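None of these values were measured; they are calculated from a predicted model.
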Amino acid sequence: MAKGGIISAVQENSLAQELELVPGDKIVAVNGQELTDIIDLSFALADEEIEMLVEHADGEQEIIGFEKDVDEELGAEFESAVFGKIRQCANNCYFCFVDQVASDMRSSLYIKDDDYRLSFLYGNFITMTNLNAQDLERIKRLHLSPLYVSVHTTNPGLRAQMLRQQRAGLIMEQLHALNEAQVQYHTQIVLCPGLNDGAELEKTIADIINLRPHALSLGIVPVGLTKFRENCYPLQTFDKKGAEEVIAQVRKWQEKMRRETGSAFVYLSDEFYILAEEELPSAQEYDGFPQLDNGIGLVRNFIEQWQQTEAKTHGYDEPLALDIVCGKSVGQTIKKLVQEIEIKNLDVNVLSIENDFFGHEVTVTGLLTGQDIIKNLQKSKQNRSRHGIIIPSSALRQGEDIFLDDYSLDDIKKAFPDETVKVADDGSDLKKLLTDWYNIECKRTKAIYTWQSNAGYTK
């Protein structure tokens, strides 16, 4: 079967519609160049004269020739940004989350991707242990920047041990190769007590800082453990004292970097501050939130979105009782925000859910399952009359209404047919829903890939 990108949607009045492309069509090659991903497509379609090899759903192929302006968009969306197989992880990390997933979940949860293309396109973190010379040459030639790199430690022996992969010890050589290619990158550490913390963390931070300006940031997140760890390396999570020590250690580096450069460069995930029961850094201290998708600054960003949103405060003519679903780690924050608003006839219950599915040490909202949500919503309803439910979009698969355990948003609605279920993407959405429930319908973010001539891919 020919490689290429399968079209999922065609925009109205677009070039793709003019060319009579339809969903299901596969763009195989452009001007003789075979396409392996949307990166190839982006560069190939930068020409003004195009010969496009298209394979239709019935297997028939045709070449479509056309001319286009340099900045003219194709107007096609694609099923995936990678045309073919995703590069698989070659490691067996001590802390791999995939190894801690229940055995009867959907197959996509067991895919260990470690693909530099997804790093560039999605912001996925890669270890670079499966990169070869051709990959590095392509990264350099196309200037695929920034990338997102999981470093964990710059000690070669320790990294090889933690990733259970001998090539993992080449990390500093690989990062220097990116520097030489003028490629920028964000880095991260999954911090494991007794392994890469303490003096090892000190060395890693210093080494990554010395790779500036190509190294853009360093994010540090605590190891996450579920109850499904079987035959895995024995790891421990951070307690309050341990989190306090990490915060104090990293704060010294942050203060040093601020004095020297004006930004912290090193950032801790929210879990450390929540575990230590310390105040979250201000929004300014996150320097634009360079690692927001890595869970670093999510809570502070949520608070900022809430506070910057003007919402109606006229109240409701009749009583309105709502449940807000969230994980344990953010529950107290949301409760405080809700207490700030006084809306007539509005009764809000923040339902901070204990994660029975993965284990109580897992407290983030993004790892809540549909079955845990339904169970807790049923208990909540026993104590009060309820009219509506607010589900966080972070608990749903991006672009779909599916939870990690394959329960769907429809399953929530079927379980509570007399209630209205709505989804909030962020703090702004939540505030709008609470203050104007009957008139607000938040839109779900959908992950689609569109080629644009002036910006390559967009997500």
Side-chain angles (χ1 to χ4, degrees), residues 3 36-40 80-101 105-140 142 144-156 158-178 181 183-192 195-196 204 208 211 215-221 223-224 226 232-233 235 291 293-295 366 397-398 404 447 449 457 459:
K3 290 183 179 179
T36 61
D37 50 45
I38 207 164
I39 303 169
D40 282 343
S80 173
V82 174
F83 307 158
K85 291 184 178 179
I86 293 173
R87 188 79 62 86
Q88 297 293 299
C89 181
N91 313 315
N92 188 20
C93 300
Y94 284 171
F95 46 81
C96 180
F97 187 80
V98 176
D99 292 338
Q100 304 179 65
V101 175
M105 303 186 75
R106 66 173 181 266
S107 58
S108 62
L109 289 177
Y110 305 102
I111 297 174
K112 298 182 180 182
D113 72 83
D114 198 10
D115 196 314
Y116 73 91
R117 298 168 297 178
L118 297 183
S119 183
F120 171 64
L121 296 170
Y122 276 149
N124 290 11
F125 279 91
I126 55 171
T127 64
M128 301 203 299
T129 59
N130 60 12
L131 282 186
N132 55 40
Q134 291 76 24
D135 296 329
L136 286 170
E137 189 280 329
R138 187 180 187 227
I139 290 169
K140 179 179 179 179
L142 300 181
L144 303 183
S145 179
L147 297 176
Y148 294 76
V149 182
S150 287
V151 174
H152 307 313
T153 175
T154 53
N155 178 332
L158 179 58
R159 191 170 192 261
Q161 173 192 336
M162 292 181 67
L163 273 60
R164 290 175 175 167
Q165 167 61 253
Q166 200 59 39
R167 279 182 53 82
L170 301 174
I171 182 62
M172 289 304 291
E173 290 93 328
Q174 290 175 318
L175 292 178
H176 280 297
L178 294 182
V183 171
Q184 295 181 313
Y185 47 89
H186 296 273
T187 60
Q188 78 155 346
I189 296 170
V190 175
L191 202 61
C192 304
L195 280 175
N196 59 341
T204 301
I208 299 301
L211 293 171
L216 299 175
S217 70
L218 172 59
I220 304 172
V221 302
V223 63
T226 80
C232 293
Y233 184 89
L235 292 173
Q291 294 209 23
D293 288 342
N294 197 19
R397 191 191 309 175
Q398 189 175 33
L404 282 173
Y449 298 87
Y457 87 96
K459 183 177 71 170

*Once you round to the nearest 0.5 Å, how far does CD1 of Ile86 lie from SG of Cys89?*
13.0 Å
_Please evaluate residues Val82 and Arg87 with respect to the criterion side-chain contact (heavy atoms from CB on, under 4.5 Å), reporting the C-alpha separation (whole Å), side-chain torsions for both, the decisive distance (0.1 Å), and the verdict._
CA-CA 10 Å; Val82 174; Arg87 188 79 62 86; over 6 Å; no
*Would you mind reporting whether Asn124 and Asp115 have side-chain heavy atoms less than 4.5 Å apart?*
no
_Exam field: side chain Asn91 to backbone Thr127, donor-acceptor pair closer than 3.5 Å_ = no
*Tell me, please, which residues at least two apart from Thr154 pass side chain to side chain contact (heavy atoms under 4.5 Å, CB included).*
Val151, Met172, Lys203, Thr204, Asp207, Ile208
*Measure up the Phe125 and Tyr148 rings against each other and bin them: parallel (under 30°), tilted (30 to 60°), perpendicular (over 60°).*
perpendicular
_Test log, rule side-chain contact (heavy atoms from CB on, under 4.5 Å), inputs Asp293 and His186_ = CA-CA 12 Å; Asp293 288 342; His186 296 273; over 6 Å; no
*asked:* Looking at Asp40 and Arg117, is any side-chain nitrogen of the basic one under 4.0 Å from a carboxylate oxygen of the acidic one?
replied: no
*asked:* Looking at every heavy atom in both Gly366 and Leu404, which two are closest together, and how far apart are they?
replied: O-CD1, 3.9 Å
Pairs under 3.5 angstrom only: tabulate donor-acceptor contacts from the side chains of residues 162-171 to other protein residues two or more places apart or in another chain.
from   : atom 1 : to     : atom 2 : distance (Å)
Gln165 : OE1    : Arg167 : N      : 3.2
Gln165 : NE2    : Ala90  : O      : 2.8
Arg167 : NE     : Thr129 : O      : 2.7
Arg167 : NH2    : Leu131 : O      : 2.9

_Apply side-chain contact (heavy atoms from CB on, under 4.5 Å) to residues Val221 and Asn294 and explain how you reach the verdict._
CA-CA 8 Å; Val221 302; Asn294 197 19; 3.9 Å; yes
*Ser217 and Gln291: which non-hydrogen atoms are nearest, and at how many Å?*
OG-NE2, 3.0 Å
*Kindly give the heavy-atom pair with the smallest separation between Asn132 and Asp135, and that separation in Å.*
OD1-N, 2.7 Å
*What distance do Gln134 atom CD and Ile139 atom CD1 have between them, rounded to the nearest 0.5 Å?*
11.5 Å
*State, to 0.1 Å, how close Gln188 and Ser150 come at their nearest heavy-atom pair, and which atoms those are.*
NE2-OG, 2.8 Å
_Test side-chain contact (heavy atoms from CB on, under 4.5 Å) applied to Leu218 and Ile189, step by step_ = CA-CA 8 Å; Leu218 172 59; Ile189 296 170; 3.8 Å; yes
*With rounding to the nearest 0.5 Å, note down the distance linking CG in Leu195 to CG in Leu235.*
6.5 Å
_Nearest 0.5 angstrom please: Thr187 OG1 to Leu211 CG, how far?_
8.5 Å
*Starting at NZ of Lys3, measure out to NZ of Lys85 and round the result to the nearest 0.5 Å.*
10.0 Å
*Any chance you could measure Ile38, atom CD1, to Phe83, atom CZ, to the nearest 0.5 Å?*
5.0 Å
